[in-house]
Amino acid sequence: MIYLDNAATSFPKPPAVLAAVSRCIADECGNPGRGGHRMAMRAAELVYECRGALADFLGGVAPEQFIFTLNATMAINMALYTRVRPGDHILISDMEHNAVRRPVERLTRAGLVSSAVFPHNGPFPDVLEQCIADKKSGILIVTARSNVNGAALPVQQIVSFCRSRGYYTIVDGSQQVGHEDVSLTRLNPDAYCGPGHKGLLGPAGCGFLWLRSGEGLREFLSGGSGFDSRSPHMPGQLPERFEAGTLPTPAIAGLREGIRFLEGLGCRAVEEQERELLKQTLELLGNIGHLTLYASEHFPLSFSSTKMKAEDLATHLDRAGILVRAGLHCAPLAHQTLGTQRDGLVRISPSVFTRSADLHALAATLSRLS
């Protein structure tokens, strides 16, 4: 089997990730912060270790700035709904995933905010200036990389400009984190959202929200935190203020090992491998006449064929033992931008475990359709 759907979730996981999840469930799965016995204390240590691993991996920021969520979608919703105010103006790009588009659309339909979509290819900052116009307050939510064609937005430039105009800035790092060297200090957003189960190679069930500060943010969930239980209010400090209820400790233990695995490889080595695989893919698939490629400087890469519709082609590849994803990829706005919204595309997204032979097998299978 050749797995090329890592933009949806990574597979396989490093052996240390599997071992950590199993060990946590078997021996260490107390409830972190809910008790002084050895299992609760060990679970709390696992959570703290993972916060520290994230903090080091993403530029040496403070561990307490990381809030664990179920996934990146929950992190995006948390970042938006804790900050939005009636009358805000929300900016999103034309390549956003439904994890961004739908909550913004919900607020817009309710008449609570206004919103605008800016082109991901600029020119910047002119298009942002036009979208902001006379709006005096607002929120920017922008993806770092498209989950359809890998287009990388100039996020640092976009964030810097919008922050200078008083906008609260949220970055969706779902297709960025784990694939390149990310420094939150350098990027400098107000919030950064990421999944644990994609580029970071952890299990499903754990994502994160990084916050520059909790100041001015309202509560998202209320409940037990294991802290100051006599109070009827959530704690004021990060991360406890936004972590109501039991955390997914086994997934967090696995995420910690996924990060350690990537640290062992080195971010530069991961980036270099991806560049080489992308170069090979463009060469191999670019020579197949019935394909049209939708590619950028990063994975994922998508394509259409004159021989089959996207869904049928994905089924054909599955039967050949090659697993890809077809359709709109939960990003109809991006497909509208690319002009592929009618039938969608076939998407491939390798991982650090993908080898050149896998891509040659993909190309050979697609060539036989000719």
> Is a donor on one side and an acceptor on the other found under 3.5 Å between the side chain of Ser349 and the backbone of Asn6?
Replying inline: yes

> Do Phe208 and Phe66 have their ring centres less than 6.0 Å from each other?
Replying inline: yes

>> Does anything in residues 133-144 form a side chain to side chain donor-acceptor pair (under 3.5 Å)? List the pairs, not counting sequence neighbours.
In response: Asp88-Ser137

> Which of these, Gln65, Gln176, Arg212, sits in a side-chain hydrogen bond (donor to acceptor under 3.5 Å, both in side chains) with Tyr192?
Replying inline: Gln176

>> Please give the remaining members of the hydrophobic cluster of Met234, linking ILVMFWY side chains under 4.5 Å, ordered by chain and number.
In response: none

> Under the ring-ring contact (aromatic ring centres under 6.0 Å, His included) rule, what pairs show up with a residue in residues 86-111, not counting sequence neighbours?
Replying inline: none

>> Distance check, rounded to the nearest 0.5 Å: Ser351 atom OG versus Leu201 atom CG?
In response: 7.0 Å

> Heavy atoms, side chains only, cut-off 4.5 Å: are Ile139 and Leu91 in contact?
Replying inline: no

>> My understanding is that only one of Ile141, Leu184, Leu140, Val155 makes a side chain to side chain contact (heavy atoms under 4.5 Å, CB included) with Val171; could you say which?
In response: Val155

> Quick check: does any side chain N or O of Lys198 sit under 3.5 Å from a backbone N or O of Ala7, one acting as donor and the other as acceptor?
Replying inline: yes

> At what distance, to the nearest 0.5 angstrom, does CG of Leu4 lie from CD1 of Ile348?
Replying inline: 6.0 Å

> Which pairs with one or both residues in residues 110-124 pass salt bridge (charged side-chain N to carboxylate O under 4.0 Å, His left out), sequence neighbours excluded?
Replying inline: none

> Do Phe68 and Leu209 belong together in a cluster built from hydrophobic side chains that touch within less than 4.5 Å?
Replying inline: no

> Is it the case that one hydrophobic cluster holds both Tyr294 and Leu328, taking links as side-chain heavy atoms less than 4.5 Å apart, direct or via other members?
Replying inline: no

> Does the side chain of Val61 reach to within under 4.5 Å of the side chain of Leu54, using non-hydrogen atoms?
Replying inline: no

> Same cluster or not: are Leu338 and Leu153 linked, directly or through other Ile, Leu, Val, Met, Phe, Trp or Tyr residues, by side-chain heavy atoms under 4.5 angstrom apart?
Replying inline: no

>> Let's go through Ser93 and His120 carefully: what are the C-alpha distance in whole Å and the side-chain angles of both, what is the deciding distance for side-chain hydrogen bond (donor to acceptor under 3.5 Å, both in side chains) to 0.1 Å, and is it a yes or a no?
In response: CA-CA 6 Å; Ser93 85; His120 71 285; over 6 Å; no

> Does Glu219 use its side chain to pair, donor to acceptor, with the backbone of Arg241 at less than 3.5 Å?
Replying inline: no

> Is any NZ, NE, NH1 or NH2 atom of the basic residue among Glu271 and Arg268 found under 4.0 Å from an Asp or Glu carboxylate oxygen of the other?
Replying inline: no

>> Which residues pass the side-chain contact (heavy atoms from CB on, under 4.5 Å) test with Thr9, not counting sequence neighbours?
In response: Tyr3, Lys13, His197

>> To the nearest 0.5 Å, what is the distance between CD1 on Ile2 and OG1 on Thr354?
In response: 9.0 Å

>> Would you compute the distance between atom CG of Leu359 and atom CG of Leu278 and round it to the nearest 0.5 angstrom?
In response: 9.5 Å

>> Could you tell me if the side chain of His179 sits less than 4.5 Å from the side chain of Arg145, heavy atoms only?
In response: yes

>> Pair Glu105, Thr108 - check side-chain hydrogen bond (donor to acceptor under 3.5 Å, both in side chains), show working.
In response: CA-CA 5 Å; Glu105 182 67 19; Thr108 305; 5.2 Å; no

>> Taking CZ in Arg38 as the centre, count heavy atoms belonging to other residues, nucleotides or ligands within less than 6.0 Å. Is the count above 12?
In response: no

> Would you say Leu80 and Ile90 make side-chain contact, with heavy atoms under 4.5 Å?
Replying inline: yes

>> Donor-acceptor pair, distance only, cut-off 3.5 Å: does the side chain of Thr281 make one with the backbone of Leu277?
In response: yes

> So do Asp190 and Leu211 actually touch side chain to side chain, heavy atoms under 4.5 Å?
Replying inline: no

> Side-chain contact, heavy-atom cut-off 4.5 Å: Val84 with Val113?
Replying inline: yes

>> For residues Leu345 and Leu285: do they belong to one hydrophobic cluster (side chain heavy atoms under 4.5 Å, members Ile, Leu, Val, Met, Phe, Trp, Tyr)?
In response: no

> How long is the span from the CG atom in Leu46 to the CZ atom in Arg23, to the nearest 0.5 Å?
Replying inline: 8.0 Å

> Does any pair with a residue in residues 296-343 pass ring-ring contact (aromatic ring centres under 6.0 Å, His included), and if so which ones, sequence neighbours excluded?
Replying inline: His329-His335

> Would you say the side-chain atoms of Ser146 pair up with the backbone N or O of Ala151, donor to acceptor, closer than 3.5 Å?
Replying inline: no

> Applying ring-ring contact (aromatic ring centres under 6.0 Å, His included), which residue pairs with at least one partner in residues 344-364 are found, sequence neighbours left out?
Replying inline: Phe261-Phe353

> Got a second to check how far Asn77's CG is from Thr73's OG1, nearest 0.5 Å?
Replying inline: 7.0 Å

>> Applying side-chain contact (heavy atoms from CB on, under 4.5 Å), can you list everything that pairs with Asp312, at least two apart in sequence or on another chain?
In response: Met308, Lys309

> Which residues pass the side-chain contact (heavy atoms from CB on, under 4.5 Å) test with Glu283, sequence neighbours left out?
Replying inline: Lys279

> With distance as the sole criterion, is a donor-acceptor pair present between the side chains of Thr306 and His290 under 3.5 Å?
Replying inline: no

> Judged by atom type as modelled, is there a donor-acceptor pair below 3.5 Å linking the side chain of Arg101 to the main-chain atoms of Ala99?
Replying inline: no

> Got a donor-acceptor contact below 3.5 angstrom from the Arg347 side chain to the Asn147 backbone?
Replying inline: yes

> For Asn31 and Thr246, does a side-chain donor sit closer than 3.5 Å to a side-chain acceptor?
Replying inline: yes

> Is Phe124 atom CZ crowded by more than 12 heavy atoms from other residues, nucleotides or ligands, each under 6.0 Å away?
Replying inline: yes

>> Just so I know, are the side chains of Leu366 and Leu284 near enough to count as touching, which here means a heavy-atom distance under 4.5 Å?
In response: no

> Should we count NE2 of His233 as having more than 12 external heavy atoms under 6.0 Å?
Replying inline: no

> Just by modelled atom types, is the Gln336 backbone N or O under 3.5 Å from a matching donor or acceptor in the Thr340 side chain?
Replying inline: no

> Is the number of heavy atoms from other residues, nucleotides or ligands under 6.0 Å of Arg102 CZ greater than 12?
Replying inline: no

> Below 4.5 Å, heavy atoms only, C-beta onward: do Arg256 and Ile252 meet side chain to side chain?
Replying inline: no

>> So, using side-chain contact (heavy atoms from CB on, under 4.5 Å) as the criterion, who are the partners of Leu70 when residues are at least two apart?
In response: Met74

>> If the condition is side-chain hydrogen bond (donor to acceptor under 3.5 Å, both in side chains), which residues does Glu45 pass it with, not counting sequence neighbours?
In response: Arg42

>> Could you walk me through whether Ser296 and Asn149 satisfy the side-chain hydrogen bond (donor to acceptor under 3.5 Å, both in side chains) test, starting with their C-alpha distance in whole Å, then the side-chain angles of each, then the deciding distance to 0.1 Å, before giving a yes or no?
In response: CA-CA 6 Å; Ser296 189; Asn149 72 340; 5.4 Å; no

>> Any side-chain to backbone donor/acceptor pair from Gln175 onto Gly150? Under 3.5 Å, distance only.
In response: no

> Does Thr82 use its side chain to pair, donor to acceptor, with the backbone of Met78 at less than 3.5 Å?
Replying inline: yes

>> If you count heavy atoms of other groups shown closer than 6.0 angstrom to CZ of Arg106, is the number above 12?
In response: no

>> Run the side-chain hydrogen bond (donor to acceptor under 3.5 Å, both in side chains) test against Arg355 and tell me which residues pass, sequence neighbours left out.
In response: none

